[in-house]
Amino acid sequence: MTTIDTATETIAAPPGLLRRIIRQRQARIGLAFTGIIVLVAVVGPLLLPWLTGYTSTEFTGRPFQPDGVFGTDNLGRDILSRFLDGGLTLLVFAALATALGMLLGTAAGMLAAYQGGKLDSIIMRGNDVLLALPQLVFALLAITVLGPQGWVVVLVIGITHAPRIARVTRSAASAVITEDFIRASEMYAVPRWKILLKDVLPNITGPLMVELGLRMTYSIAAIASLSFLGLGMQPPTADWGLMINENRIALTLQPWGVILPVLAIAILTVGSNLITDAVARASATVEESK
Amino acid sequence: MPGLILRRLAISAVILLVVSMLVFVATLLLPGDPAQAILGQQATPERLEALREQMNLNDPFAQRYLHWLGGLFVGDFGVSAASGGSVAALLGDRIAASLVLMVAAATISIPVGILVGSYSALRRGKAGDHAATGISLVLAALPDFVIGIALVTLFSTTVFTVLPSVTMAPPGEQVWDYPSQLILPVLTLVLVVMPYIIRMMRTTMIEVLDSGYVEMARLKGVPERQVIWRHALPHAIAPVAQVVAIQLAWLAGGIVVVEFLFRYPGVGQALVDAVTNRDVQVVQALAMLIAAVYVVVNLFADIVGIVTNPKLRTGGIR
């Protein structure tokens, strides 16, 4: 690593946070796990024409037959093709939902902490109301009204993440805003948004990164669950959650249609949870050594 | 302290009221006419008008909301658009069936979680602790349906075929008459809920074991068994109560996926069916029911927190 790289790193994050994360064995395992699945999901759709010769919605034979590598699904489509094609939407939707939640939650949390007073209590009481409905029930309510569409799922999962992220951001930010350098910026009449973005945000990256990992894991689980219930991605789209729903009636006959997507989702969520846990430990040790 | 609890109670009531508004407004966003949905396309205008009158659809919005809210208190949840029957009749047995599932999962996961967490803390850094923390880290990451399907493949279809994977009680009989059908759904819920209890119990127990009074007790020569049961465990359990309550509240929403997976005739399955059929009255009633359970359990957790925390106990007197 060059000296320039380390120099920028010390400015961007608490010293050695990334290295503390990578040094942990479980972080490396987690990275390998998520890496494999992300690779399958991203490269899979590109490899389809060469690898199996079928598209993910093409009928190749009779249902639940052992044709091809992993057999056919409930409508006689090639399971391997559908598996390779079914991960990308899940990943993209989960990433979008997490990004939306982080954006809304961080903004609301920082504003609540910095502004205090009336705005603070409005934001936090709004949070309490959103938190009174379990995430899945909130999503189901929205889907009843707006229909099972991709943007509805992303929007509702993002919005239900926001209050949980806002709470963490608020408590982390309220410890920072009493510091002297914030006073100094205020004295120089730095605009409020610039203080939040340049002074507060860089000092709460630790808890936010933990939250990012946690919410990503939950987004994947929530979106896959909705598809599994038949209320997320709609047929004939190839999707891991939906595949499990479609093929679980023939678990004894043709288990691959269920086992492949279940394994993929399991490896993905365990991997991202391992990374999150490592980040949490790393940022906790940074806090202690301060 | 009573003042603090009363305040918390009032906040919960307000939250539930706002949630009920949210849930009710959701129906207004729906395209189409509920009366038309029940009677179908062939209905005559007269019959439509009669049903609209009967369902109070012609009243102003605020009045309809109050009528609906009043109905919730006396157990009148409206009429299901899909079946035409009353929502309350549809849900009666299902609420009991879901409660069986939740109570069974809670009574197994709480004591076992506390025991495994304490064991893990006592054997800190040894093989047993590593196994317990590793397994709970993996289980905490897995979505509930993944755990459920893994159990189904293991115990009922592919590896062993010892347990039923779907719940099928003949009409008129209750699900708890067939205990073997309850094993897999309950086990799934237990495995979803327990990791969080284990992890929290381990953390607080380690903290307590490192504290001054435990060291003092040991130095006095109190037997180790008594140190753990009399000095450490009671102090570690208070913070865990909060996590337990959060997990119990989670169960209210988490049963949805598990019931769907095992075709368990409970509230969750009814909710998924209602969403699929876009049966708004049923979705509304169930969303309110689940939100109420959620809020009440959280309220209970906060009250436990207030009662067990000496700092807050005196807060109301000042």
Side-chain angles (χ1 to χ4, degrees), chain A residues 26 30 33 125-126 128-148 214 217-218 220-231 241 244-245 248-253 255 258-259 261-277, chain B residues 11-12 14-16 18-19 21-23 25-31 134 137-147 149-150 152-153 156-158 161 165 249-254 256-257 260-261 268 271-272 274-280 282-284 286-287 290-295 298:
Chain A
Q26 72 177 68
F33 275 18
R125 290 298 85 76
D128 288 344
V129 171
L130 282 179
L131 287 173
L133 272 179
Q135 194 165 31
L136 194 67
V137 175
F138 197 99
L140 291 180
L141 195 66
I143 288 169
T144 320
V145 175
L146 301 167
L214 201 62
T217 312
Y218 288 161
I220 295 167
I223 291 174
S225 297
L226 284 175
S227 291
F228 168 67
L229 294 176
L231 298 166
I244 300 168
N245 184 9
R248 73 195 169 105
I249 42 165
L251 198 53
T252 40
L253 210 64
V258 175
I259 290 178
V262 162
L263 269 183
I265 293 171
I267 294 173
L268 185 62
T269 48
V270 168
S272 68
N273 206 31
L274 285 174
I275 297 175
T276 310
D277 206 61
Chain B
I11 292 176
S12 299
V14 172
I15 287 177
L16 264 183
V18 179
V19 168
M21 286 179 200
L22 257 176
V23 168
V25 167
T27 39
L28 295 181
L29 300 171
L30 258 183
L137 190 68
V138 168
L139 283 177
L142 294 176
D144 30 19
F145 70 93
V146 167
I147 294 178
I149 286 178
V152 167
T153 3
S156 81
T157 57
T158 315
T161 46
S165 65
W250 179 88
L251 274 179
V256 174
V257 174
F260 177 79
L261 172 61
L271 182 60
V272 175
V275 175
T276 313
N277 298 328
R278 299 188 100 178
D279 191 347
V280 182
V282 178
V283 176
Q284 274 183 330
L286 286 175
I290 291 175
V293 172
Y294 204 71
V295 168
N298 273 322

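All chains are named by letter (A, B, ...) in the order of the sequence lines, taking the proteins before the strands, and each is independently numbered beginning at 1.
- Contact annotation for B:Ala140: both backbone and side-chain heavy atoms come within less than 4.5 Å of a heavy atom of chain A.
- Only the side chain of A:Leu136 comes within less than 4.5 Å of a heavy atom of chain B; its backbone N, CA, C and O stay farther away.
- With a 4.5 Å cut-off on non-hydrogen atoms, B:Leu137 touches chain A through its backbone and its side chain both.
- In this structure, no portion of B:Asn298 lies under 4.5 Å from any heavy atom of chain A.
- A distance of 8.5 Å separates CD1 of A:Ile265 from CD1 of B:Ile149, quoted to the nearest 0.5 Å.
- Note: A:Leu140 leads A:Leu140, A:Ile143, A:Thr217, A:Leu130 in heavy-atom pairs under 4.5 Å with chain B.
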message: I'd like to know whether A:Leu229 forms a side chain to side chain contact (heavy atoms under 4.5 Å, CB included) with B:Phe145, so could you lay out the CA-CA distance, the side-chain angles of the two residues, the decisive distance to 0.1 Å, and finally the verdict.
response: CA-CA 10 Å; A:Leu229 294 176; B:Phe145 70 93; over 6 Å; no

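- Looking at every heavy atom in both residues, B:Ala287 comes nearest to A:Leu133 through O-CD2, 3.8 Å.
- Between atom CD of residue B:Gln284 and atom CG of residue A:Leu141 there is a gap of 8.0 Å, rounded to the nearest 0.5 Å.
- When heavy atoms are compared at a cutoff of 4.5 Å, A:Asp128 approaches chain B by way of both its backbone and its side chain.
- Only the side chain of A:Arg248 comes within less than 4.5 Å of a heavy atom of chain B; its backbone N, CA, C and O stay farther away.
- The distance from the CZ atom of B:Phe260 to the CG atom of A:Asn245 is 4.5 Å, given to the nearest 0.5 Å.
- Within the 4.5 Å cutoff, no side-chain heavy atoms of B:Tyr294 are placed close to those of A:Val137.
- Of the residues considered (B:Val257, B:Leu16, B:Val295), B:Val257 shows the highest number of contacts with chain A, using heavy-atom pairs under 4.5 Å.
- The shortest distance between side-chain heavy atoms of A:Phe138 and B:Val23 does not fall below 4.5 Å.
- Interface check for chain B: of the options A:Gly230, A:Pro148, A:Ala224, the most heavy-atom pairs under 4.5 Å are formed by A:Ala224.
- For chain B, no part of A:Gln135 is nearby; none of its heavy atoms comes within less than 4.5 Å.
- With chain A as the partner, the residue from B:Val19, B:Leu286, B:Leu139 showing the most heavy-atom pairs under 4.5 Å is B:Val19.
- Looking at A:Ser225, both its backbone and its side chain come within 4.5 Å of chain B, counting heavy atoms on both sides.
- A:Ile244 touches chain B through its side chain: at least one heavy atom from C-beta onward sits under 4.5 Å away, while N, CA, C and O do not.
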